[in-house]
Amino acid sequence: MDYLNELVLPALYSFIASIAFGIQFNIRFRHIIAAAVGGIISQVIFNAAEFSGSSEMLCYFLAACSISIYAEILARRLHVPVNMYLVVAIIPLVPGSMIYNAMITLLSGDNSGFAEQCALTFGVAGSIAMGVFAVSSAARILTAALSGIKKAVK
């Protein structure tokens, strides 16, 4: 297995892409680096799940869950909104090539191929959204439960 081409370079490209989007979103430099590390995490988790033989939807779901956890932790520690880290870190997972391939398939006149590509693209987008939603919901429930325990102790 060629680790450089299959693990290291995709992580590096994710880091660079995350930095570029962080600059575009006017995020401060110290937050850009932390958010770009989230891009690396998403790529590494995605590749690890892919190499273990998991389905594509599960790979995207696990990667989205991992960067959501990372963003929740950083946002709480640094007292900034979760979206600052989450949006930048999720950029490498966005299925842009799948959308492009679906449009090319549509323009070539292959309606069944277009439907198949769209179903796959919406499945991937849904997997990413569900990963973010699951972690965000769990974080809110946990935060509410912990604040209730603190009030009960006082």
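It should be emphasised that the depicted structure is a prediction, and the values quoted were computed from it without experimental measurement. Values below: all heavy atoms of this structure, side chains included; hydrogens, waters and symmetry mates excluded.
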Of all heavy-atom pairs between [X] and [Y], which one has the smallest distance, and what is that distance?
X    : Y    : value
M98  : Q117 : O-OE1, 3.8 Å
Q43  : A11  : CG-N, 3.8 Å
M103 : F114 : CE-CE1, 3.6 Å

| task | Test side-chain contact (heavy atoms from CB on, under 4.5 Å) on I104 and Y100 and set out the steps. | result | CA-CA 6 Å; I104 290 297; Y100 176 80; 3.7 Å; yes

Same apolar cluster: [X] and [Y], side chain cutoff 4.5 Å:
X    : Y   : value
I69  : Y60 : no
L93  : V44 : yes
Y13  : I45 : no
V87  : F61 : yes
V132 : V80 : yes

| For the side chain of S136 and the backbone of F133, is there at least one donor-acceptor N/O pair under 3.5 Å apart? |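 Not confirmed, S136 side chain does not pair with F133 backbone.
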
Result block: side-chain N/O donor-acceptor pairs under 3.5 angstrom for residues 15-40, not counting sequence neighbours:
unit_1 : atom_1 : unit_2 : atom_2 : d
S18    : OG     : S14    : O      : 2.9
S18    : OG     : V88    : O      : 3.3
H31    : ND1    : Y85    : OH     : 2.6

Just how far is it from atom [atom1] of [X] to atom [atom2] of [Y], taken to the nearest 0.5 Å?
X    : Y    : atom1 : atom2 : value
C59  : I128 : SG    : CD1   : 11.5 Å
F122 : S127 : CZ    : OG    : 13.0 Å
D110 : T105 : CG    : OG1   : 6.0 Å
E50  : S55  : CD    : OG    : 10.5 Å
F46  : F51  : CZ    : CZ    : 9.5 Å
T121 : E116 : OG1   : CD    : 10.5 Å

| query | Run the side-chain contact (heavy atoms from CB on, under 4.5 Å) check on L120 and M57 step by step: do they pass? | reply | CA-CA 9 Å; L120 180 64; M57 303 294 176; 3.8 Å; yes

| said: For T143, give me all partners under side-chain hydrogen bond (donor to acceptor under 3.5 Å, both in side chains), at least two apart in sequence or on another chain. | reply: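 Once residues adjacent in sequence are excluded, the partners of T143 under the side-chain hydrogen bond (donor to acceptor under 3.5 Å, both in side chains) criterion are R76.
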
| field | L106 vs N111, side-chain contact (heavy atoms from CB on, under 4.5 Å): CA-CA, chis, key distance, verdict | value | CA-CA 6 Å; L106 176 67; N111 291 334; 4.2 Å; yes

